[in-house]
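Chain naming here is simple, since letters A, B, ... match the order of the sequence lines and numbering starts at 1 in each. Bear in mind that the values here come from a model prediction, so they are computed numbers and not experimental data.
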Protein chains: 2
Amino acid sequence: MSTIKEVASAAGCSTATVSRALATPDKVSEATRARVARAIAEVGYTPNGAARSLRRRESRTIVALLPDISNPFFSEIINGIEDVAHQAGYRVLIGDCERDPQRAGAYFDLLPANQADGMLLLTADVPRALLDDARRRGRFPLVMACEFFDDRDLPTVTVDNYRAACQAIDYLVALGHRRIATLTGPVHNPICRERERGVSDTLTAHGLAGGAQTLAGDFGVHSGYVQGLALLTPLHSRPTAIFCHSDEMAIGVIKAARQLGLEVPRDVSIIGFDNIRLSEYCDPELTTISQPRAQIGQAAMRLLLGLIHDEPVERQQVLETRLIVRQSTGQPEPR
Amino acid sequence: MSTIKEVASAAGCSTATVSRALATPDKVSEATRARVARAIAEVGYTPNGAARSLRRRESRTIVALLPDISNPFFSEIINGIEDVAHQAGYRVLIGDCERDPQRAGAYFDLLPANQADGMLLLTADVPRALLDDARRRGRFPLVMACEFFDDRDLPTVTVDNYRAACQAIDYLVALGHRRIATLTGPVHNPICRERERGVSDTLTAHGLAGGAQTLAGDFGVHSGYVQGLALLTPLHSRPTAIFCHSDEMAIGVIKAARQLGLEVPRDVSIIGFDNIRLSEYCDPELTTISQPRAQIGQAAMRLLLGLIHDEPVERQQVLETRLIVRQSTGQPEPR
DNA sequence: CCCGATGGTGTAATCGTTTACAATAATGAG
DNA sequence: CTCATTATTGTAAACGATTACACCATCGGG
């Protein structure tokens, strides 16, 4: 709790010199710098962050707003964000809004309040009005990652969800599947709609447009289980393959299948999305679409830094996904 | 980016009145309050957080320091923390130090820098010197949750790890198991040692002290897989049950068992720890020890608020665990 | 009619830094 | 030796809020 004044008097110089010794050491003589360093150690000084941000008009903090921190999909993205952020001297404030507009609002206020210099928005499930209002109250460097709003006018880092879905369906069709169902994320979610578009375009291209069943979950494992039961009954008219919009839901569907006495992939093929760590350790190991999560986080953070520093940036970045074939998919049994 | 001055002139009053209208509305007349409210909406004002914390000497922010944000075990604890924190008007800054002392140091500095009012430490895997140094530089309200340092002199919220381990072993012995192995977390981790003590005391009590194999992982699924292979080979002398210190490791062990041609629980029983969401959805569903995670978070945050406000608090809180029997455990086959 | 209490408001000091500007000393070129 | 330049330091004014203190009405009781 000691201040720069105490350091200054202990070092026998002015506060300006102490400040310079810390911020621009080369503008301070060798000898003074040493005295200041000793004084700092002596009195146990840490610069007051509030005073510093007030004066500098920056906080060197960015907010990353998530829909749900318990979704393992986000943790590696966070790692990517933090890597780049820390390297650049920024702190990351992780906000979990739990789909609660009030909580989200509190995080949006951080920017006009000068408590944060920018925001990484990892969800579109936030009242647009809240965001627009905050943006009207001042400078608001903002990057969306993974998700996006329909109008796509904001800087965004995503994967090519359309193509990923096409790839998944092409793969299943090549295996011989004809009845392919989809378990999407929340109905109003733009990335899910992109994927659905990919699915239906691809199915149509293969002449399989009719009767493709689609249900919606919430990305969580429980909804996968519940909707999995719904998709797989009655057994006689069940799909032979299910494309799930998240690995967690795929794991839920596998449990549903098992409970109905179906074996994966013999009786039904399951394909997930995200390639979460556990997808390799469930039974059977999950065929899934891998998103380059660390890279998404890194790219988004770099983009945000560019915006914060008013540098020219590439406002729309699309990264590649990769289909990872494991054991939850196979040829359908001839019926 | 407008300031209180602009609001004041728009409302035709002084900055003091604007400030009071926000902080202590009942000290301001009805009419003025309305004018201020209108002026705020008009100019789009958000109080500058840095100026506010500088003056108030508090940030209404607390840091929660985690060893690893990707561990799903922590997400529900965070939820508990945030519930209580937000209710009390505090923000939560989640810090992921990834076992990197430098990163951890940056978070410790937040308190002497007046950027945070308190810290929730969810890992003991942090250089003690770093912590002690930060605590010497000023007031440092700190609560440990889940983990703790050996000396236990800090306020702590934990579960009774010793008793939980005893319960697990008692249960396995009651099923008929005689060769019970343990897969612990990191070797130097105090909670793991507590659990090991519980294991060895209980085994001794049952006259099974000798030959109980113990290996260490890192709580992650991959280490469970690797150490699971080690514990289960050679097959002829393998344990009939394995007590794992985390569900993730248990899932890894199950994969190892499957790969070795063993069926769970027929050929080997597996018991986990934590009751993460996915433990109910893997195959077989995991027998595990449930920690009241939301409550841990809530209790820790409440304790921290007490410390911040210099209220009398109960410095050591121990919550109960619960053994949840599912399908990964059963009687050993007679050999 | 006077006095004290009360309610509402304004003035100005304060929180701890940073930094523009000024001042001084030291250096070197001419 | 002089003058311009550079290196080093200090002085003091911000940054934007909060709040102690003072001030002025207004009101009611005596």
Side-chain angles (χ1 to χ4, degrees), chain A residues 1-37 39-40 43-60 89 109-117 137-139, chain B residues 1-37 39-40 43-60 89 109-117 137-139:
Chain A
M1 294 303 202
S2 50
T3 74
I4 199 172
K5 274 190 193 168
E6 302 171 39
V7 175
S9 73
C13 65
S14 73
T15 63
T17 300
V18 176
S19 179
R20 279 188 291 250
L22 289 170
T24 51
D26 44 314
K27 285 190 195 290
V28 169
S29 77
E30 179 72 44
T32 316
R33 219 184 311 154
R35 283 200 333 274
V36 169
I40 287 178
V43 307
Y45 169 69
T46 313
N48 183 309
R52 175 175 279 181
S53 352
L54 173 58
R55 175 61 221 230
R56 287 197 185 158
R57 317 176 122 278
E58 66 166 10
S59 59
R60 294 197 154 261
D109 279 346
L110 250 33
L111 268 89
N114 244 288
Q115 309 262 79
D117 300 340
R137 295 212 297 280
R139 207 174 119 75
Chain B
M1 294 303 202
S2 49
T3 72
I4 199 171
K5 274 190 192 168
E6 303 171 41
V7 175
S9 73
C13 64
S14 74
T15 64
T17 300
V18 176
S19 179
R20 278 188 291 249
L22 289 171
T24 50
D26 44 315
K27 285 190 195 290
V28 169
S29 75
E30 179 72 43
T32 317
R33 218 184 311 154
R35 283 199 335 272
V36 169
I40 287 178
V43 306
Y45 168 70
T46 313
N48 183 308
R52 176 176 278 180
S53 2
L54 173 58
R55 176 60 220 231
R56 289 202 191 157
R57 319 177 121 277
E58 66 166 11
S59 58
R60 294 195 153 261
D109 279 346
L110 250 34
L111 268 87
N114 243 289
Q115 309 260 80
D117 300 340
R137 295 213 295 281
R139 207 174 118 74

Quiz item: Taking the nucleotide of DNA chain D with the closest heavy atom to each, which residue, B:Arg20 or B:Ala51, is nearer the 5' end?
Solution: B:Ala51
Self-check item: Comparing B:Ala50 and B:Ala16 on DNA chain D - which has the more 5′ nearest nucleotide
Solution: B:Ala50
Select base, sugar-phosphate, or nothing to describe what [X] touches, counting heavy atoms under 4.0 Å on all strands.
X	result
B:Val28	sugar-phosphate
A:Ser14	base
B:Thr32	sugar-phosphate
B:Thr17	sugar-phosphate

Practice problem: Walking along DNA chain C from 5' to 3', note the first and the last nucleotide with an atom under 4.0 Å from a heavy atom of chain B, and give both. | Solution: C:dG8 to C:dG16
Practice problem: Over all heavy atoms of both residues, which pair between A:Val43 and A:Ala10 is shortest? Give the atoms and the distance, please. | Solution: CG1-CB, 4.3 Å
Quiz prompt | Nearest non-hydrogen partners of B:Ser14 and B:Ala8, listed with the distance | solution =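 For B:Ser14 and B:Ala8, the tightest heavy-atom pair comes out as C-CB, 3.7 Å.
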Exercise. Rounding to 10 degrees, work out the angle separating the end axes of the helix from C:dC1-D:dG30 to C:dG30-D:dC1 (five pairs an end).
Key: 50°
Quiz prompt | Contacts of type side-chain contact (heavy atoms from CB on, under 4.5 Å), residue B:Thr32, not counting sequence neighbours | solution =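 With sequence neighbours excluded, B:Thr32 shows a side-chain contact (heavy atoms from CB on, under 4.5 Å) to B:Thr17, B:Val28, B:Ser29, B:Arg35, B:Val36, given in chain and number order.
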Self-check item: Atom pair OG (A:Ser2) and CZ (B:Arg137), whose distance is rounded to the nearest 0.5 Å
Solution: 9.0 Å
Exercise. Look up atom OG1 in B:Thr46 and atom CG in A:Leu111, then write down how far apart they are to the nearest 0.5 Å.
Key: 10.0 Å
Quiz item: Reading DNA chain D 5' to 3', which nucleotide is the first, and which the last, to come under 4.0 Å of any heavy atom in chain A?
Solution: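 Contact span on the strand: D:dT8 to D:dG16.
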Quiz item: Within a strict 4.5 Å, meaning less than it, do heavy atoms of the A:Ile4 and A:Asn48 side chains meet?
Solution: no
Quiz prompt | Candidate pair B:Asp117 and B:Arg139, rule salt bridge (charged side-chain N to carboxylate O under 4.0 Å, His left out), full reasoning | solution = CA-CA 9 Å; B:Asp117 300 340; B:Arg139 207 174 118 74; over 6 Å; no
Practice problem: Applying side-chain contact (heavy atoms from CB on, under 4.5 Å), run through B:Ser53 and B:Asn114 and close with a yes or a no. | Solution: CA-CA 8 Å; B:Ser53 2; B:Asn114 243 289; 5.9 Å; no
Quiz prompt | Of all pairs that satisfy salt bridge (Lys or Arg N to Asp or Glu O under 4.0 Å), the ones with a partner from residues 48-59 of chain A, not counting sequence neighbours | solution =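 Only A:Glu58-A:Arg60 qualify under salt bridge (Lys or Arg N to Asp or Glu O under 4.0 Å).
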Quiz item: Which sits closer to the 5' end of DNA chain C, B:Arg33 or B:Arg57, going by the nucleotide each is nearest to?
Solution: B:Arg33
Quiz item: Just by modelled atom types, is the A:Gln115 backbone N or O under 3.5 Å from a matching donor or acceptor in the A:Ser59 side chain?
Solution: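 Such a contact is found between A:Ser59 side chain and A:Gln115 backbone.
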Quiz item: Judged by atom type as modelled, is there a donor-acceptor pair below 3.5 Å linking the side chain of A:Thr3 to the main-chain atoms of A:Lys5?
Solution: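 Checking the backbone N and O of A:Lys5 against the side chain of A:Thr3, a donor-acceptor pair under 3.5 Å is found.
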Self-check item: Of residues 2-11 of chain A, the positions that come close to DNA chain C - non-hydrogen atoms, cut-off under 4.0 Å
Solution: A:Thr3, A:Ile4
